[in-house]
Novice: 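If you scroll down you'll find the structure; I have some questions about it.
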Amino acid sequence: MNPTLLEALNWRYATKKFDPTKIIPAEELTTLLESIRLTPSSYGLQPVKILVVENPKTREEIKTMAWNQQQVVDASHLLILCHYFNPGHEEVEQYLELMSNARNKPLASLEGFKQHLMKSLDTMGERNKEQWTSKQTYIVLGQLMLSCAFMGIDATPMEGFDKEVLNQYLQLEQRGLRASLLCPIGYRHEEDPYLSLAKVRKNHEALFEVI
Ligand SMILES: Cc1cc2nc3c(=O)[nH]c(=O)nc-3n(C[C@H](O)[C@H](O)[C@H](O)COP(=O)(O)O)c2cc1C
């Protein structure tokens, strides 16, 4: 039986020790990736790319760029959430074509939206644009974490890695990409000392304010 929303969210935790013998079944992984594909993004542009790292040698090397965090190699799979740091007119054209096909609408009818989107990207400036696209990876992360919890898959969100070194290692810049987050996914080791730790969260009054 599926867990309730709050059961799933209380069950999940940032896993520090994965069981390296447990692999996510292919069908489950497909469902998880589909849930990521359905993540919303600003304007719907999806300026992100998710790398699914299975190769053990590659993961060993990435581990050294991630403060030797063992989860990178022990988890069933390693996801790297990347953003396009400077999307422009070409990406907008591709997106509008996708929309035109998905909704069976002539491209000409989307011209207003296209011009608005292009102008918005043109006036953003490269720095702001990257900030904006990298934020989209955090929305992916949120959806990924929730999907994992719901499916009984463990996950560790990770900002602790050397982004520049990883970008270079995977030759991401050449493709207009930069790494934003790592997320090993798999199954917790029963001896993970973090497994039994109580959740630390602000209480309701501290976190919410009704105005
Ligand atoms: C964006 C982000 C980056 C994080 N980076 C790391 C990391 O590099 N290594 C790690 O072990 N945990 C990392 N964490 C896990 C947090 O420490 C953890 O989610 C937080 O303490 C709350 O605990 P819980 O997730 O177990 O409920 C990160 C969490 C988030 C959301």
Side-chain angles (χ1 to χ4, degrees), residues 2-20 22 24 32-33 35-36 38-42 46-53 58-85 130-170 172 177-208:
N2 285 332
T4 66
L5 177 65
L6 293 184
E7 275 169 358
L9 291 175
N10 277 303
W11 171 85
R12 71 145 294 281
Y13 72 109
T15 307
K16 304 289 175 190
K17 191 173 163 74
F18 282 87
D19 185 337
K22 292 188 181 158
I24 300 171
L32 186 63
L33 298 186
S35 84
I36 293 176
L38 291 170
T39 303
S41 59
S42 297
Q46 291 183 286
V48 297
K49 173 77 94 187
I50 291 86
L51 308 180
V52 183
V53 191
T58 307
R59 284 171 55 175
E60 275 298 341
E61 293 191 39
I62 293 176
K63 181 184 145 188
T64 67
M65 303 162 200
W67 322 138
N68 284 314
Q69 296 187 77
Q70 190 64 24
Q71 303 101 306
V72 170
V73 289
D74 282 349
S76 168
H77 291 74
L78 171 67
L79 304 184
I80 307 179
L81 313 190
C82 308
H83 58 277
Y84 288 92
F85 55 86
E130 173 162 22
Q131 217 174 52
W132 175 68
T133 59
S134 65
K135 282 179 190 166
Q136 310 303 315
T137 60
Y138 285 77
I139 305 173
V140 172
L141 180 71
Q143 187 133 328
L144 166 62
M145 304 294 293
L146 180 56
S147 301
C148 279
F150 187 72
M151 295 174 70
I153 293 172
D154 285 297
T156 316
M158 277 188 183
E159 280 175 324
F161 64 101
D162 189 327
K163 291 179 182 166
E164 277 179 29
V165 174
L166 184 62
N167 290 339
Q168 255 183 14
Y169 170 68
L170 293 173
L172 294 177
L177 288 167
R178 286 184 185 139
S180 189
L181 290 154
L182 300 182
C183 193
I185 53 173
Y187 300 97
R188 61 190 65 178
H189 196 292
E190 56 189 27
E191 286 167 13
D192 186 352
Y194 284 75
L195 177 53
S196 51
L197 293 184
K199 284 237 170 287
V200 182
R201 294 293 190 271
K202 289 181 178 177
N203 66 26
H204 200 280
E205 289 66 38
L207 193 59
F208 302 104

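Whatever order the structure lists them in is the order used to number ligands and atoms, beginning at 1.
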Novice: Which residue holds the protein heavy atom closest to atom 9 (N) of ligand 1, what is that atom called, and what is the gap in Å?
Specialist: Q69 OE1, 2.8 Å
Novice: With the side chain counted from C-beta on, respond yes when Y84 and V48 share a heavy-atom pair under 4.5 Å apart, and no when they do not.
Specialist: no
Novice: Could you tell me whether T156 and ligand 1 have an N or O pair separated by under 3.5 Å?
Specialist: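 For ligand 1, there is no N or O atom that lies under 3.5 Å from one belonging to T156.
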Novice: As a test of the contact definition, would atom 1 (C) of ligand 1 count as having a protein heavy-atom neighbour under 4.0 Å?
Specialist: yes
Novice: Which ligand 1 atoms, with their elements, are less than 4.0 angstrom from a heavy-atom of K199?
Specialist: 24 (P), 26 (O), 27 (O)
Novice: Hey, which atoms in ligand 1 end up nearer than 4.0 Å to a heavy atom of Y13?
Specialist: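 Counting atoms of ligand 1 from 1, those under 4.0 Å from Y13 are 26 (O).
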Novice: Protein heavy atom under 4.0 angstrom of atom 21 (O) of ligand 1, is there one?
Specialist: no
Novice: Verify the neighbour count for atom NZ of K199: are there more than 12 heavy atoms of other residues, nucleotides or ligands below 6.0 Å?
Specialist: yes
Novice: What protein heavy atom is closest to atom 4 (C) of ligand 1, reported as residue, atom name and distance in Å?
Specialist: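 Of every protein heavy atom, P157 O, 3.2 Å lies nearest to atom 4 (C) of ligand 1.
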Novice: Looking only at atom types and distance, does a side-chain atom of R59 sit under 3.5 Å from a main-chain N or O of V73, one as donor and one as acceptor?
Specialist: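 Yes; at least one donor-acceptor contact below 3.5 Å.
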Novice: Measure Q70 to ligand 1 on non-hydrogen atoms and call it side chain, backbone, both or neither using the 4.0 Å cut-off.
Specialist: neither
Novice: Can any side-chain N or O of Q136 pair as donor or acceptor with the backbone N or O of W132 at less than 3.5 Å?
Specialist: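 Yes: the side chain of Q136 pairs with the backbone of W132.
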Novice: Report yes or no: does D192 contribute a side-chain atom to a donor-acceptor pair with the main-chain N or O of T15 at less than 3.5 Å?
Specialist: no
Novice: Which protein heavy atom lies closest to atom 5 (N) of ligand 1, and at what distance to 0.1 Å?
Specialist: E159 N, 3.0 Å
Novice: Which one of T64, V53, L78 satisfies the side chain to side chain contact (heavy atoms under 4.5 Å, CB included) criterion with V72?
Specialist: L78
Novice: Counting heavy atoms only, which of G142, S180, G160, A66 is nearest atom 8 (O) of ligand 1?
Specialist: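 When every heavy atom of G142, S180, G160, A66 is considered, G160 comes closest to atom 8 (O) of ligand 1.
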Novice: Hey, are D154 and R188 close enough for a salt bridge, meaning a charged N less than 4.0 Å from a carboxylate O?
Specialist: yes
Novice: I'd like to know if K17 pairs up with E191 as an ion pair, taking the criterion as any Lys NZ or Arg NE/NH1/NH2 lying under 4.0 Å from an Asp or Glu carboxylate oxygen.
Specialist: no
Novice: When Y138 is tested against each of Q143, E159, H83 for side-chain hydrogen bond (donor to acceptor under 3.5 Å, both in side chains), which residue passes?
Specialist: E159
Novice: Starting from atom 23 (O) of ligand 1, what is the nearest protein heavy atom, named by residue and atom, and what distance separates them?
Specialist: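 Answer, as residue, atom name and distance: R201 NH1, 3.8 Å.
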Novice: Atom 12 (N) of ligand 1: which of K16, Q71, R12 has the nearest heavy atom?
Specialist: K16
Novice: Could you find the nearest protein heavy atom to atom 19 (O) of ligand 1 and give me its residue, atom name and distance?
Specialist: A14 CB, 3.8 Å
Novice: Distance below 4.0 Å between atom 17 (O) of ligand 1 and any protein heavy atom?
Specialist: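 When distances to the protein are checked, atom 17 (O) of ligand 1 has no heavy atom within 4.0 Å.
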